Amino acid sequence: MGYHPTDPNAAGYNASSFYCAYGALNSNGNYTMTQPSPRSTGLRTQWVKQIDLSFRYRLPESWGFKNFVLRADAFNVFNSQPITQRYVQHENAKSGSEYTPDPLYGTPYGYLNPRSVRLGFDILF
């Protein structure tokens with residue numbers, strides 16, 4: 001995402017409009033042109049493959065428990081950690097007709113939550 005060159009409404013979004021600088025860098029290390037950058041044409045993230053498990057055990061009434069259920073939920077059992085978000089701002093500044101490239105462009109900053117377990121009990125009534 002980058003600065004929109006002509007539309008004042010889109011330019012109000014600064015570097016979050018769907019225009020992206022392109023071409024060769026000038027002597028200052030900046031881009032001088034932008035072009036439309038439609039959604040889903042930029043960076044991609046990895047597929048999310050997550051397996052969750054859930055266990056339930058109803059305590060027997062013979063133990064003195066009536067309508068109690070113990071439960072355990074395991075999330076992301078195989079602890080897969082694919083990238084779920086990337087930094088998508090292509091330029092971080094505009095000065096006149098020059099667009100400064102953002103060095104963080106494409107950097108991963110979101111991952112799938114790690115393996116976790118939740119324990120609890122239910123009272124049925």
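Quick caveat: nothing in here was measured; it's all calculated off a predicted structure.
Under the 4.5 angstrom side-chain criterion for Ile, Leu, Val, Met, Phe, Trp and Tyr, Trp47 has no cluster partners at all.
By the 6.0 Å contact criterion, CZ on Phe121 is open, its count of non-hydrogen atoms from other residues, nucleotides or ligands being 12 or less.
Pairs passing the salt bridge (Lys or Arg N to Asp or Glu O under 4.0 Å) check and including a residue from residues 109-125, sequence neighbours excluded, read Arg71-Asp122, Asp73-Arg118. Counting only residues at least two apart or on different chains, no salt bridge (Lys or Arg N to Asp or Glu O under 4.0 Å) pair has a member in residues 58-67.
For Ser80, the side-chain contact (heavy atoms from CB on, under 4.5 Å) partners two or more places apart in sequence, or in a different chain, are Asn76, Pro82, Leu112. Evaluation of the ring-ring contact (aromatic ring centres under 6.0 Å, His included) rule for Tyr111 yields no partner, not counting sequence neighbours. A search for side-chain contact (heavy atoms from CB on, under 4.5 Å) contacts involving Phe78 returns Ile51, not counting sequence neighbours.
For the pair Thr107 and Leu104, the tightest heavy-atom approach, listed with the atom from each and the gap, is OG1-O, 2.6 Å. In plain terms, the two heavy atoms of Leu119 and Ala72 that are nearest each other are CD2-CB, 3.7 Å.
Judged by distance alone, with hydrogens and angles left aside, the side-chain atoms of Thr84 form a donor-acceptor pair with the main-chain N or O of Gly110 at under 3.5 Å.
A continuous path of ILVMFWY side-chain contacts below 4.5 Å connects Val77 to Phe55, so both sit in one hydrophobic cluster.
In this structure, Leu70 and Leu59 have side chains that are in contact, with non-hydrogen atoms separated by less than 4.5 Å.
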